[in-house]
Number of protein chains: 2
Amino acid sequence: MSSSNQATRQVHERAVESLREQGYRLTPQRLLILSVVAESGGHMGVDQVFRLAKEAYPYMDIATVYRTLHLLKKLNVVTEVAIGDRLHYELTDPEGRHHHMVCQICSGAFNLSPHYLEQFRHTLMQEFNFEPDLEHFTITGVCSTCQGQPAKG
Amino acid sequence: MSSSNQATRQVHERAVESLREQGYRLTPQRLLILSVVAESGGHMGVDQVFRLAKEAYPYMDIATVYRTLHLLKKLNVVTEVAIGDRLHYELTDPEGRHHHMVCQICSGAFNLSPHYLEQFRHTLMQEFNFEPDLEHFTITGVCSTCQGQPAKG
DNA sequence: TTAGCGGTTGCAAGGAGTCGCAATAACTGG
DNA sequence: CCAGTTATTGCGACTCCTTGCAACCGCTAA
């Protein structure tokens, strides 16, 4: 009865609702992949999700993991985060959208409120009549802890 | 003696200089790939570069195209632009860096001066002490011509 | 509870991009 | 101009991700 279990249950309920509402089927594979991501607490690479899901259900296929992750993303249940050149997935922040700042040195990810992008969006629309899609948006750079350290690679 | 030929020649000279300065060798493959990009006038996908280069030199390998494009990018001779989920390459703008706005509907690409990102960069550094890497930066969205049209896909 | 429609899965094949390696060839010093 | 050094190429194998397809199974209606 930990708060983590409770959060996980809520996530499941909301996801199940989204799936049924839109006519998608509730398959064990989808629920399993969802619970793997939900229980991780943070963002996970596709291969991590695959490995953990396969432990629970050995027939799990990597294609199903990709398809399910894409679906959950479309339903706004999970959020896609680009870390390095790999996509990661995490539960969508119920507090509202946020963006990420990812450190090129330590790979740490930090949340960034959409607030900081609002002005930028506003400018683009004013000046260029260009409606930017800033939903899934990651800024790479060097975090405060790593500043002064040499870049890796 | 068109201005395009002249521009191309200048690009070659500068690229050759960069290569020699840093101890890289001047190979026919590198010069060919460079001239293909230089003569295109805009941004090119890797496969387009490969096809054109292979017409001129049938032994050209796709791996060489990738390696050369990455090298020219490192030398700041070409600039990498993310269009959709594919990387494109163009000659680095001698007028200074610019970013791109790419329309999700018509795939048109528009230049964006770094000026518009400066304030955003400043905010991130002030508030989070996070030094963002905004060198190669593309914003997707819907351009003014396509607004009101249905999104593709 | 059951039949059957059609969305999903697992598999295998395919495309994009990367990497290791042996052969090649661009540069250097003599 | 030539031989040696070593960066670079072309190739094949490999990884990551996507796609086509036949078998499967979740869901609905009777």
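Worth knowing before you read on, the calculation uses all heavy atoms, side chains too, and leaves out hydrogens, waters and symmetry mates. Note that the coordinates shown come from a computational prediction; the quantities given were computed from them, not determined experimentally. Proteins get letters first, then strands, A, B, ... in listed order; numbering begins at 1 in each.
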State the [atom1]-[atom2] distance between [X] and [Y], to the nearest 0.5 angstrom.
X	Y	atom1	atom2	answer
A:His70	A:Leu75	NE2	CG	13.0 Å
A:Leu91	A:Ser40	CG	OG	7.0 Å
B:Leu87	B:Tyr66	CG	OH	8.5 Å
A:Leu26	A:Leu19	CG	CG	6.0 Å
B:Glu80	B:Tyr89	CD	OH	4.0 Å
B:Ile62	B:Arg67	CD1	CZ	11.0 Å

Legend entry - Close approaches to DNA chain C from residues 16-31 of chain B, in residue order (heavy atom, under 4.0 Å):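 Those residues whose heavy atoms fall under 4.0 Å from DNA chain C, taken from residues 16-31 of chain B in numerical order, are B:Arg25, B:Leu26, B:Pro28.
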Counting only pairs under 3.5 Å, give me each side-chain donor-acceptor contact of residues 45-56 of chain B, with atom names and distances, residues two or more places apart or in other chains.
none

Grab the two heavy atoms, one from [X] and one from [Y], that are nearest each other, plus how far apart they are.
X	Y	answer
A:Arg30	A:Arg25	NH1-O, 2.8 Å
A:Thr64	A:Ile33	O-CD1, 3.9 Å
B:Met60	B:Leu32	CE-CD2, 3.8 Å
B:Ala15	B:Leu34	CB-CD2, 3.4 Å
A:His12	A:Ser35	NE2-CB, 3.3 Å

Inset, instruction - If a protein heavy atom is under 4.0 Å from the base, mark B; if only from the sugar-phosphate, S; if neither, -; do that for nucleotides 14-22 of chain D going 5' to 3'. - result: --SSBBB--
Legend entry - Nucleotide D:dT9, atom P - distance to NZ of B:Lys54 in whole Å: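 B:Lys54 atom NZ is separated from D:dT9 atom P by 15 Å.
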Legend entry - Overall bend - the helix from C:dT1-D:dA30 to C:dG30-D:dC1, comparing terminal axes fitted on five pairs, nearest 10 degrees: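 Overall, the helix from C:dT1-D:dA30 to C:dG30-D:dC1 bends by 30° from one end axis to the other.
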Inset, instruction - Could you tell me from which nucleotide to which nucleotide of DNA chain C, 5' to 3', there is an atom under 4.0 Å from chain A heavy atoms? - result: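 Range of nucleotides within reach of chain A: C:dG6 to C:dC11.
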Inset, instruction - Using a heavy-atom cut-off of under 4.0 Å over every strand shown, decide if A:Tyr57 touches base, sugar-phosphate, or nothing. - result: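 Since only primed, P, OP1 and OP2 atoms lie under 4.0 Å of A:Tyr57, the category is sugar-phosphate.
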Inset, instruction - Apply side-chain contact (heavy atoms from CB on, under 4.5 Å) to A:Arg86 and list each qualifying residue two or more places apart in sequence or on a separate chain. - result: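 Residues passing side-chain contact (heavy atoms from CB on, under 4.5 Å) with A:Arg86: A:His88.
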